[in-house]
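Here the structure comes first, spelled out in structure tokens, and everything after it is commentary.
Computed from heavy atoms alone, side chains included, the values below leave out hydrogens, waters and symmetry copies. All residue numbers refer to positions in the sequence shown, counting from 1.
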Amino acid sequence: MASSVESTGSNRAMYPDIEPFQTGMLIVSDLHTLYYEQCGNKDGNPVIFLHGGPGGGISPRDRTFFDPAVYRIILMDQRGAGKSTPAAELKDNTTWHLIADIERLREELAIEKWVVFGGSWGSTLALTYAEKHPDRVKALILRGIFTLRRKELLWFYQEGASYCFPDAMDEYVKPIPEVERGDLMGAYHRRLTCEDENVRTECAKAWSKWEMATSRLHVDPTLLQRAEEDSWALQFARIECHYFVNGGWFETEGWILDNVDKIRHIPTTIVQGRYDMVCPAVTAWDLHKAFPEAEFHWVPDAGHSNKEPGTQSKLLDACDKYKHL
């Protein structure tokens, strides 16, 4: 079994800010068009960054995990997220559509194989993509492991994380009548997909604020401010809730772990915050046991966010490790 390491290591700074050398809009259906960008070395080692949520979108900071002198850095806003259109669209928006989109982009960019980087929902998507297309993946860099099992969802959206953040939970449940609080995801889904724009917006902000308030050991005010942005909150909350009430459209609840043998030959690094409330550490540990060949790092003083110093440093180290594959 690959070592399970608990250490913060040195607190590394991100690579310098960088602008894309190319941006594009990829038409993937009659309805959906995806924004993507390329940065760094045009002839370098290809890496794709898969953002969280689902619905979270990419940001300029996401480019800076990778050495721009070596990597050809590719980022994409998933269906309905970020600059992809139409915004917050739920139709034809499932895990399997996103997997097909990643392949479509790889073919569009004439890439044979690439490194795949994903955190939180991005780890779900990275693992699923690798299990469907193992011959296209050079290495996996994973953080905040999430496999969309029912117990993971109930821990965060119903009861579990609430014991650690009761004040934030009170704010989260406020838009939902007490009689409906036995199924908060279902109650939110009804409101996030209703016709009343004011109700959709109120619930989107409350849903998003809950995640932003619990993502770090020390609450980040800038994350809370982001949850107040109507357009971002609607994308984030509507798409997340849509995926979660549908179990990600996986054939079985444990589909990702059940299929892990397909990828155990792929060089992989897993980074997990010990006090991750959003994607509880038990999931990363379950993956570690099923995939013992992967390099596994506990970060003892981190929650969910990739911005926490120990997690950021380990992710940068992993990106450097695979940059010459």
Side-chain angles (χ1 to χ4, degrees), residues 1-5 9 12 14-15 36 38-52 58 62-76 78 98-99 101-103 105-107 109-147 256-257 259-273 279 283-284 286-299 306 310-325:
M1 181 176 283
S3 61
S4 166
V5 180
R12 292 187 54 185
M14 301 288 277
Y15 281 99
Y36 71 92
Q38 298 193 77
C39 318
N41 184 341
K42 294 180 182 180
D43 301 313
N45 183 18
V47 59
I48 184 167
F49 178 97
L50 301 177
H51 68 69
I58 59 174
D62 300 332
R63 306 165 186 160
T64 61
F65 281 104
F66 313 101
D67 183 344
V70 177
Y71 274 115
R72 178 183 174 188
I73 308 157
I74 298 130
L75 302 96
M76 175 182 70
Q78 296 157 28
L98 301 189
I99 297 301
D101 292 344
I102 296 168
E103 264 299 90
L105 181 61
R106 183 191 62 77
E107 293 168 355
L109 299 179
I111 292 168
E112 182 180 354
K113 297 178 72 171
W114 46 10
V115 177
V116 180
F117 178 116
S120 191
W121 162 254
S123 78
T124 319
L125 206 54
L127 286 162
T128 304
Y129 174 78
E131 289 173 2
K132 282 291 186 180
H133 302 282
D135 56 328
R136 299 303 181 188
V137 180
K138 290 184 174 186
L140 288 165
I141 302 165
L142 308 171
R143 184 268 313 167
I145 305 303
F146 178 46
T147 64
I256 290 174
L257 292 175
N259 285 277
V260 78
D261 283 351
K262 297 175 181 177
I263 62 170
R264 286 173 59 183
H265 63 286
I266 296 173
T268 298
T269 298
I270 301 165
V271 178
Q272 178 68 39
C279 297
T283 304
D286 288 344
L287 177 62
H288 174 52
K289 290 187 289 186
F291 189 176
E293 297 81 5
E295 181 181 286
F296 186 95
H297 295 277
W298 289 116
V299 184
N306 68 23
T311 301
Q312 175 176 301
S313 296
K314 288 298 177 189
L315 290 172
L316 287 161
D317 288 347
C319 293
D320 284 352
K321 177 178 178 178
Y322 300 125
K323 67 184 181 181
H324 293 301
L325 277 181

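- Taking 4.5 Å as the limit, every side-chain heavy atom of Thr268 sits out of range of all side-chain heavy atoms of Ile263.
- With 3.5 Å as the limit, one finds a donor-acceptor pair spanning the side chains of Arg72 and Gln38.
- Note that OG of Ser120 and CG of Asn306 are 9.5 Å apart. Values are rounded to the nearest 0.5 Å.
- Here CD1 of Ile266 is found 12.5 Å from CZ of Arg264. Values are rounded to the nearest 0.5 Å.
- Listed here is the closest heavy atom pair of Leu140 and Ala130: CD1-CB, 3.9 Å.
- Judged by distance alone, with hydrogens and angles left aside, the side-chain atoms of Glu131 form no donor-acceptor pair with the main-chain N or O of Lys262 at under 3.5 Å.
- The CZ atom of Phe291 lies 8.0 Å from the CG atom of Leu127; values are rounded to the nearest 0.5 Å.
- When all heavy atoms of Val116 and Ala126 are compared, the pair lying nearest together is CG1-CB, 3.6 Å.
- No side-chain N or O of Tyr129 forms a donor-acceptor pair with one of Asp101 less than 3.5 Å apart.
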| said: Walk me through whether Phe117 and Leu315 qualify under side chain to side chain contact (heavy atoms under 4.5 Å, CB included). | reply: CA-CA 9 Å; Phe117 178 116; Leu315 290 172; 4.1 Å; yes
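- In this structure, the side chains of Thr147 and Leu287 stay at 4.5 Å or more apart for every pair of heavy atoms.
- Counting heavy atoms from C-beta on, the side chains of Thr269 and His297 come closer than 4.5 Å.
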| message | Before you tell me yes or no, could you show the steps for Leu125 and Leu98 under side chain to side chain contact (heavy atoms under 4.5 Å, CB included), namely the whole-Å CA-CA distance, both residues' side-chain angles and the distance that decides it to 0.1 Å? | response | CA-CA 8 Å; Leu125 206 54; Leu98 301 189; 3.9 Å; yes
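- For the atom pair NE2 of His51 and CH2 of Trp121, the computed distance is 10.0 Å after rounding to the nearest 0.5 Å.
- Remark: the Asn259 side chain and the Lys132 side chain contain no N/O donor-acceptor pair separated by less than 3.5 Å.
- Counting non-hydrogen atoms of neighbouring residues, nucleotides and ligands closer than 6.0 angstrom, the CD atom of Glu107 exceeds 12 such neighbours.
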Show me, pair by pair, the donor-acceptor contacts under 3.5 angstrom made by side chains of residues 64-71, not counting sequence neighbours?
residue, atom, partner, partner atom, Å
Thr64, OG1, Arg61, O, 2.6
Asp67, OD1, Ala69, N, 3.0
Asp67, OD2, Lys323, NZ, 2.9
Tyr71, OH, Cys319, O, 2.6
Tyr71, OH, Lys323, N, 3.2

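- Using a 4.5 Å heavy-atom cutoff, the side chains of Pro46 and Leu109 are not in contact.
- Using modelled atom types, one side-chain atom of Ser123 and one backbone atom of Phe146 make a donor-acceptor pair closer than 3.5 Å.
- In this structure a side-chain-to-backbone donor-acceptor pair under 3.5 Å is present from Lys138 to Leu325.
- A 4.5 Å side-chain heavy-atom check between Gln272 and Ile145 finds at least one atom pair inside the cut-off.
- Between Asp320 and Arg12, the closest side-chain pair of non-hydrogen atoms falls below 4.5 Å.
- Residues Ile48 and Leu50 meet the side-chain proximity criterion, which asks for heavy atoms closer than 4.5 Å.
- Within the model, atoms CG of Asp62 and CE of Met76 stand 12.5 Å from one another, a figure rounded to the nearest 0.5 Å.
- Expressed to the nearest 0.5 Å, how far CD1 of Ile141 lies from CD of Glu295 amounts to 10.5 Å.
- A perpendicular orientation is assigned to the rings of Phe296 and Trp298, their planes being inclined by more than 60° (bins at 30° and 60°).
- Annotation for Arg106 and Ile111: closest pair NH1-O, 2.7 Å, computed over non-hydrogen atoms.
- Arg136 is not listed as a side-chain neighbour of Ile102, based on a closest heavy-atom distance of 4.5 Å or more.
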